[in-house]
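Step one of this worksheet: look at the structure below.
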Amino acid sequence: MDRYEQVIELAKRRGFLWNSFELYGGTAGFYDYGPLGSTLKRRIEQIWREIYVIQEGFMEIECPTVGIEEVFVASGHVGGFSDPLCECKQCGEAFRADHLIKHITEDADSLSDEELDNIIAKNSVKCPECGGDLGKTYEFNLMFKTQIGPGTGRKGYMRPETAQGMFVDFLRLARYYRDKLPFGATQIGKSYRNEISPRQGVIRLREFTQAEAEIFIDPKDKSHPNIRRFENTAINLYSDAAQDIGKSEIMTVREAVDNGIIAHEFLAYQVALVNHFLQRVGIAPGKLRFRQHRKDEMAHYAIDCWDAEILTDRFGWVEVVGIADRTDYDLSAHANMSKTELSIFIEYEQPKMVEKFVVKPNMGKMGPRFKGKAKVVAEALKALTAEELEKEEIKVLAAGEEFTVPREMVEFAQETIKISGETIVPHVIEPSFGIDRILYSVMEHAYDEEMVPSKESEEEAEDEARIVLRFKKEVSPVKVAVLPLLTRQELIEPSKEIAIKLKDKGLLVAYDDSGAIGRRYRRNDEIGTPYCITVDYDTLQDNTVTIRDRDSMQQVRAPIDTIDNVLYELVYTDRKFETAGKRI
RNA sequence: GCGCCGAUGGUCUAGCGGCUAUGACUGGGGCCUUCCAAGCCCUAAACCCGGGUUCGAAUCCCGGUUGGCGCACCA
């Protein structure tokens, strides 16, 4: 049993992850989050929100998971998110049809399926594997298609990423942020991709949770106002160059920027922020690296792109976050599609005075003379020089026709114009998180089997394994278990009272009075509960209980009346366990 | 999508033509129990689905579903 199997087995058994639709045999690529999984996921998302929404100030929005066709035509997903596949009739191997004819045509990737078939037939392209005949080319689009409304209603797609919602809402967002760059918006939600063959459990799903931020910045200023926060943070970088020698390198953010390893300060800040987030939710720092996209794997419009990768036992390095400078690609694409300018007006610190040659055709005179052609003639005039405009009879070519314009119909002058700013299309910095993958990684990195001496077999000295999920206290689904030492009414009653007190403090509490105390400790270790409170007979004498620490199995004794505050501080602040009570 | 290998209580598993289908752990109820999976009693719980072969199928064959691995794919 490898680590993956151990984690998945525990996850299934204890209510973290279940195969969806199991009752009906299940379907690949879908997972249910059970009671603990769902809670764990929410805790991870909550930390994400704390960092991106509260600290960074990128407000969260919520857009539909179904999108209309235009959105995904603009984003390129309708055309580009599918691949033309064609299969060998003999051996069944599937190939990218456009790749098969790359050596024959130049623009192979822009051809239709029919055109691809034609070229394949004309050049009698055969299966590269076995030489067999190739079948018809078909498009495999990775988006789930649906229909909006009844009948022949409008075409819709399940969104393959949450990002488009933020781009589509750009103008509204810009207004919300009062037209000041940089600003950003975030979204946490489900996205859908009809994967050809989803595998590897929760690593590749057909329905998955993304957390994305779209940060809009000034293309001419990619510094970050708060870079000092991370300047000296050391990060494990696996740059393009480092990949050539196959060894990542730990360096500070400042070094990475100064040496041009990360394209610019703003992107470097985002890389550092992701690093901070992943470690806070419990990813082992030694199993985390940032890999730069190679020149040939990066999207053509992107300036620089880094993937956060986490080392897992079975799958090796798994990509969990992508951080990219996508330039103005997305906004420009939607601007073209929607025929709406998606830009921001940036005011200069000092208005610029610009000398400009201005041509002012007198439309009141030109209109009657040139009728319907007046507009094109006027446009043509604007392109002329002062010298040409000074002639008595101005000859101008417009719409393939020569027109003669009398001098008095057009004025021109050298003018000084005040320009107080300019319109720019912001660049987009996009950190995009795969929450499901992060959740699995958090579980795997938290999973630990520890050998502890067994009480019973002292002579044989047979140790037994203690399974512990060493979650960060912040992310553990259950924060504290309350356990009467024995199943006796006089201990049960005060235990339940303590549980209520802790719930009132907002802590997720488990109460358990079945079985021997040791068994209950182990049950809670297995789901990563950081603290157990035990009520014993001393409690009835002096109103104190024991608090047991999951990682060290040490106990302290603390009074009941402040137990809720103590637990809260242990879980959510830096308060040390040793300070929680008297060491036993 | 192709190829190879698997699928038995909640979990892990035995069985490989002839049962009332092993066993362990877990779960529930009870007894006992003063701090790390103790003991005793009781109890619940499974042959992935559909066809076929056979007197008889958990077992053999075919198809499907599903899981793992390899290939392809992975904006």
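Each chain gets a letter, A, B and so on, in the order its sequence line appears, and its residues count up from 1. Please read these numbers as outputs of a predicted model, since none were measured by experiment.
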Verify the distance criterion only: is there a donor paired with an acceptor across the side chains of A:S432 and A:E212 at less than 3.5 Å? yes

Only one of A:T534, A:N524, A:D525 passes side-chain hydrogen bond (donor to acceptor under 3.5 Å, both in side chains) with A:R548; say which it is. A:D525

Any base atoms under 4.0 Å from A:Y301, or only sugar-phosphate, or nothing? Heavy atoms, all strands. nothing

Which nucleotide sits closest to the side chain of A:L485: B:U11, B:C69, B:U34? B:U34

With distance as the sole criterion, do the side chain of A:R519 and the base of B:C36 form a donor-acceptor contact below 3.5 Å? no

A:W317 ring centre to A:R289 NZ or CZ under 6.0 Å, with the angle to the axis within 45°? yes

For A:R548, which contact category applies under a 4.0 Å heavy-atom criterion: base, sugar-phosphate, or nothing? base

Pairing partner of B:G70, by Watson-Crick or G-U wobble and under 3.5 Å for both distances, is B:C2

So if I take every side-chain heavy atom of A:D536 and compare against B:U66, B:C35, B:C36, which nucleotide ends up nearest? B:C35

Would you indicate, yes or no, if B:U33 has its OP1 or OP2 atom less than 4.0 angstrom from a side-chain nitrogen or oxygen of A:R488? yes

Would you kindly say whether A:E490 and A:Y537 are connected by a side-chain donor-acceptor distance under 3.5 Å? yes

Please check the phosphate of B:U11 (OP1 and OP2 only) for any side-chain N or O of A:R14 closer than 4.0 Å. no

Select base, sugar-phosphate, or nothing to describe what A:S75 touches, counting heavy atoms under 4.0 Å on all strands. nothing

Hey, does the Lys NZ or Arg CZ of A:K41 hover above the aromatic six-ring of A:Y33, less than 6.0 Å from the centre and inside 45° of the axis? yes

Any N or O donor-acceptor pair linking the side chain of A:R204 to the base of B:C73 at under 3.5 Å? yes

In this structure, how many angstroms lie between the P atom of B:C35 and the CZ atom of A:R522, rounded? 15 Å

Quick one: which of B:G68, B:C36, B:C12 gets closest to the side chain of A:E9? B:C12

When we call it a touch if two heavy atoms are under 4.0 Å apart, what does A:G515 touch: a base, just sugar-phosphate, or nothing? nothing

With nearest nucleotide decided by heavy atoms, which residue, A:Q200 or A:E526, maps closer to the 5′ end of RNA chain B? A:E526

With nearest nucleotides of RNA chain B determined for A:Q210 and A:D525 from heavy-atom distances, which residue corresponds to the more 5′ nucleotide? A:D525

Checking only heavy atoms, does the side chain of A:Q555 share a donor-acceptor pair with the base of B:C35 at less than 3.5 Å? yes

Among B:U33, B:C35, B:G28, the nucleotide that comes nearest once only the side chain of A:R557 is considered: B:C35

